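Counting convention: from 1, in listed order, for ligands and their atoms alike. Keep in mind that this is a model prediction, so the values were computed, not measured.
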Amino acid sequence: APILSVRDLNLWYDEKQALEDVNFDLFPSEILAFIGPSGCGKSTALKCLNRMHDDVRSVHCTGTITLHGEDIRAPWVDPPMLRRRFGWVAQKPNPFPATIWDNVAYGPRIHGLMRTHADMEAHVEDCLRRAHLWDEVKDELHTKDGTDLSGGQQQRLCIARALSTQPEILLMDEPTGSIDPIATAKVEELMLTLRPDHSVVVITHSMNEARRVADRVAYFHLGRLLEIGPTEQIFTAP
Ligand code: ADP
Ligand code: ADP
């Protein structure tokens, strides 16, 4: 069964329609890539999933999104609680101007996820290990700011931060779009290790990246999801 189902999603920015009848499912432990030309609605579709558009007055949205069968667009669903269940990774690494430790411990702290300091220590280490950053930062957790890391390290820190609230789903908006090729390879490699514990929706401009990381690909054009299927099938279609 799908973890997330999107049905008949339509979205307007004022008069301008940005999404038109978008339908797709996300399955457990899969990486789904959104591809398509710039301006086709990929980022808008991603932001709908964790209701990041709720506060934007010009946005009007219709359709249903269910997470484990629960309607998460229902008015009684609390967006901050919902966002805990989705980790967000932006294109440009954006660590908090705070220590490496605080970047990862902040989310679990505000959501009260860890009972003891020892639990928090183990959890911060686990998140940094999953983000393939632990060995590089373990001696500087409390002395170095996240913003003083290299670009690629900052992005892996942002992935550790996204993992810190124990989300089921990670939403990644071109996570390799502003880092160098070596850093990109590291991020792609770690994305593949996020399965089986997480499902991932990732936007990419790179067809090669989609080939390397995605189980399935969704191709957007002019606000419509034109085609979705297994990666090999999408790339070999006539
Ligand atoms: P993509 O991620 O595929 O580049 P977007 O989802 O960012 O596409 O944009 C889809 C369309 O919606 C584009 O025409 C874009 O100009 C428009 N758009 C995106 N964000 C806004 C906004 N905040 N206000 C008005 N129009 C927007
Ligand atoms: P951009 O499209 O240039 O990244 P946005 O206005 O979309 O700018 O986002 C501003 C900041 O808000 C980004 O740094 C991003 O990390 C955060 N953000 C955007 N969308 C979401 C989302 N759906 N969930 C969590 N954070 C988000």
Does the [X] side chain pair with the main chain of [Y], one donor and one acceptor, at a distance under 3.5 Å?
X	Y	answer
Ser199	Phe27	yes
Asn103	Ala98	yes
Gln154	Leu149	yes
Thr204	Ala210	no
Asp215	Ile31	yes

Under 3.5 Å, is there a donor on one side chain and an acceptor on the other for Glu168 and His68? yes
Non-hydrogen atoms closer than 4.0 Å to ligand 1: which protein residues do they belong to? List them by chain and number, please. Tyr13, Lys16, Ala18, Pro37, Ser38, Gly39, Cys40, Gly41, Lys42, Ser43, Thr44
